[in-house]
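No experiment lies behind these values; they were computed from the predicted model shown.
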Amino acid sequence: DANTTSYDDGSVSNGTEYFYVVTSIFDDDNESGYSNQASATPMLGVTVSLGDAEVMSGEEVTVAVALDNAGSVGGIQIDFVDTPDNLTIVSAAGTARVPADWSLSVAEQADGSARLLGFSFSGTQIDPGSGDAFLVTFTASAAEPTTVVLCSAGEVVSDAGGLAYLTTGGCGAVSVDVEGINIDLSGSVGPLDQGESGMLIVSMDNPYPVYGIELHIDDVPESVTATNVTPSANLPASGQMSFSEVNGELIVLWFSLTGDYIDVGSDVLFTIDYTVNDDAPNGDMTFELTDETVFSDNLGQSMYWGGN
């Protein structure tokens, strides 16, 4: 039939390569020569899927890796790609689906991905079925709240004879939260007239040591001018502080040339004295930290912060 363009062979065995050719019949009983040869190897499929998880930066998180396998599994190799690269693989364990004698190993790869290898020296297999097969543990590190997309890649899932199944991968999401620095601005509540003085107190609650500070404070609308900034007596004595007004924005810098730092805790940082400008508009004014504000760790890296 010239309209037949496909052929289903229902009498094959998985893992065996089959070869096919086509001929045509013309003038009732004349048959052409063979066409070009095509081949195919039927194979059961396996689907790999990853669960979602949540974790605080600096802590460990376990991600469930599920297999949906119609045939027995004799070995696996699965890579994990995290985007962005905020996860580092630590360990892996099998669930009840995995025979107890299976050897599981994990390793970080040079490109930032991670690899899971699993097999049995005695040839035991994961039975056909579906559900969580492996629990893979990572450490998470992020400077700010981040959603990491974790996907499987380069999946090799083989049967007892070492023949690879046709495998489909999957992705999950790991939400990494960060315990950040909290900044509080408080002080004179007014009302204050033009020419009068007020005070702003800057306090910090920091869960990690802070090695450097660069505050950018706006008064909205533009209404006051800073006259002095006094560091708290609780700050390291070796700390260097300076302040300046740039285009109506107050910038306060603090750091230590000797490597001293502000230890973990909650305390006042600075007391800022200001004068209300003669041309200040009537009405409410608020102090705001801008996005240029930076708190630095011992490596000079920016730390996550929030404020009110």
Under the criterion side chain to side chain contact (heavy atoms under 4.5 Å, CB included), I'd like the reasoning laid out for Asn182 against Met204: C-alpha separation, chi angles, the key distance, then a yes or no.
CA-CA 6 Å; Asn182 186 66; Met204 178 175 71; over 6 Å; no
Side-chain donor/acceptor pairs under 3.5 Å, residues 62-71, sequence neighbours excluded:
residue	atom	partner	partner atom	Å
Thr62	OG1	Thr137	OG1	3.1
Asn69	OD1	Arg97	NH2	2.7
Asn69	ND2	Gly71	O	2.9
Asn69	ND2	Asp127	O	3.1

In residues 228-236, what donor-acceptor pairs under 3.5 Å come from side-chain atoms, sequence neighbours left out?
residue	atom	partner	partner atom	Å
Asn228	ND2	Thr230	OG1	3.2
Ser232	OG	Asn234	N	3.1
Ser232	OG	Val268	O	3.2
Asn234	ND2	Asp267	OD1	3.3
Asn234	ND2	Asp267	OD2	2.6

Separation of [Y] [atom2] from [X] [atom1] (nearest 0.5 Å):
X	Y	atom1	atom2	result
Ile262	Leu269	CD1	CG	5.5 Å
Leu253	Ser244	CG	OG	6.5 Å
Ile217	Ile251	CD1	CD1	10.5 Å
Leu185	Glu288	CG	CD	9.5 Å
Leu299	Gln301	CG	CD	6.0 Å
Phe119	Gln77	CZ	CD	11.0 Å

Side-chain ([X]) to main-chain ([Y]) donor-acceptor, under 3.5 angstrom:
X	Y	result
Trp254	Leu215	no
Glu196	Asp193	yes
Thr95	Asp132	yes
Ser223	Ala280	no

Nearest heavy-atom neighbours spanning [X] and [Y]:
X	Y	answer
Pro128	Ser72	CD-OG, 3.5 Å
Val73	Trp102	O-CZ2, 3.5 Å
Asp82	Gly112	OD1-O, 3.5 Å
Ser197	Thr275	OG-OG1, 3.9 Å
Thr293	Trp305	O-NE1, 3.2 Å
Leu116	Ala92	CD1-CB, 3.6 Å

Pairs where residues 103-122 contributes a residue and the test side-chain hydrogen bond (donor to acceptor under 3.5 Å, both in side chains) is met, not counting sequence neighbours
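Residue pairs passing side-chain hydrogen bond (donor to acceptor under 3.5 Å, both in side chains), neighbours aside: Asp79-Arg115, Asp101-Ser120, Asp101-Ser122, Asp111-Ser113, Ser120-Ser122, Ser120-Thr124.
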Under the side-chain hydrogen bond (donor to acceptor under 3.5 Å, both in side chains) rule, what pairs show up with a residue in residues 203-215, not counting sequence neighbours?
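Found Glu214-His216.
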State plainly whether one hydrophobic cluster holds both [X] and [Y], where clusters connect Ile, Leu, Val, Met, Phe, Trp and Tyr through side-chain heavy atoms under 4.5 angstrom apart.
X	Y	result
Phe287	Ile213	yes
Val252	Val294	no
Leu87	Leu104	yes
Val176	Ile89	yes
Val81	Phe134	no

Please set out all donor-acceptor pairs under 3.5 angstrom arising from side-chain atoms of residues 146-160, sequence neighbours excluded.
residue	atom	partner	partner atom	Å
Thr146	OG1	Glu144	O	2.7
Ser152	OG	Glu155	OE2	2.6
Ser152	OG	Gly170	N	3.0
Ser152	OG	Gly170	O	3.3
Glu155	OE2	Ala153	N	3.3
Ser158	OG	Gly75	O	3.4
Asp159	OD1	Gly161	N	2.9
Asp159	OD1	Gly162	N	3.1
Asp159	OD1	Leu163	N	2.8

Sequence neighbours excluded - disulfide bond (SG atoms under 2.5 Å apart) pairs with any residue from residues 174-244:
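For residues 174-244, and leaving out neighbouring residues, there are no disulfide bond (SG atoms under 2.5 Å apart) pairs at all.
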Side chain proximity check, [X] to [Y], heavy atoms < 4.5 angstrom:
X	Y	answer
Ile76	Leu117	no
Asp297	Pro209	no
Val12	Glu17	no
Phe255	Leu257	yes
Met303	Val210	yes

In a table with atom names and distances, give each donor-acceptor pair under 3.5 Å that connects a side chain of residues 41-59 to protein atoms at least two apart or in another chain.
residue	atom	partner	partner atom	Å
Asp52	OD1	Ala173	N	2.8
Ser57	OG	Ala142	N	3.0
Ser57	OG	Ala142	O	3.2

Among pairs that include at least one residue of residues 274-287, which meet salt bridge (Lys or Arg N to Asp or Glu O under 4.0 Å), considering only residues two or more places apart or in two chains?
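Those involving residues 274-287 do not exist here.
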Please list all pairs passing the salt bridge (Lys or Arg N to Asp or Glu O under 4.0 Å) test where one or both residues lie in residues 216-226, with sequence neighbours left out.
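Qualifying pairs, neighbours excluded: none.
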List the steps and the verdict of side chain to side chain donor-acceptor pair (under 3.5 Å) for Ser141 and Asn86.
CA-CA 5 Å; Ser141 177; Asn86 293 112; 5.8 Å; no
Please report the C-alpha distance between Gln194 and Asn277 in whole Å, then the side-chain angles of each, then the deciding distance to 0.1 Å, and finally whether the side chain to side chain contact (heavy atoms under 4.5 Å, CB included) criterion is met.
CA-CA 6 Å; Gln194 288 88 344; Asn277 298 335; over 6 Å; no
Could you give all pairs that pass the ring pair (Phe, Tyr, Trp, His ring centres under 6.0 Å) test and reach residues 5-45, with sequence neighbours left out?
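Non-adjacent pairs meeting ring pair (Phe, Tyr, Trp, His ring centres under 6.0 Å): zero.
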Looking at residues at least two apart in the chain, or sitting in another chain, which of them share a ring-ring contact (aromatic ring centres under 6.0 Å, His included) with Tyr165?
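For Tyr165 there are no ring-ring contact (aromatic ring centres under 6.0 Å, His included) partners, ignoring immediate neighbours.
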Going by atom types alone, do Thr83 and Asp85 pair a side-chain donor with an acceptor below 3.5 Å?
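Side-chain D/A pair, Thr83 to Asp85: absent.
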Ser238 and Ser256: side-chain donor and acceptor closer than 3.5 Å?
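Per modelled atom types, Ser238 and Ser256 side chains form a pair under 3.5 Å.
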List the residues meeting side-chain contact (heavy atoms from CB on, under 4.5 Å) with Ile25, not counting sequence neighbours, and say none if there are none.
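For Ile25, the residues satisfying side-chain contact (heavy atoms from CB on, under 4.5 Å) (neighbours in sequence not counted) are Glu31.
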Test log, rule side chain to side chain contact (heavy atoms under 4.5 Å, CB included), inputs Phe80 and Phe138:
CA-CA 11 Å; Phe80 300 98; Phe138 301 85; 4.3 Å; yes
If you count heavy atoms of other groups shown closer than 6.0 angstrom to OH of Tyr261, is the number above 12?
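No.
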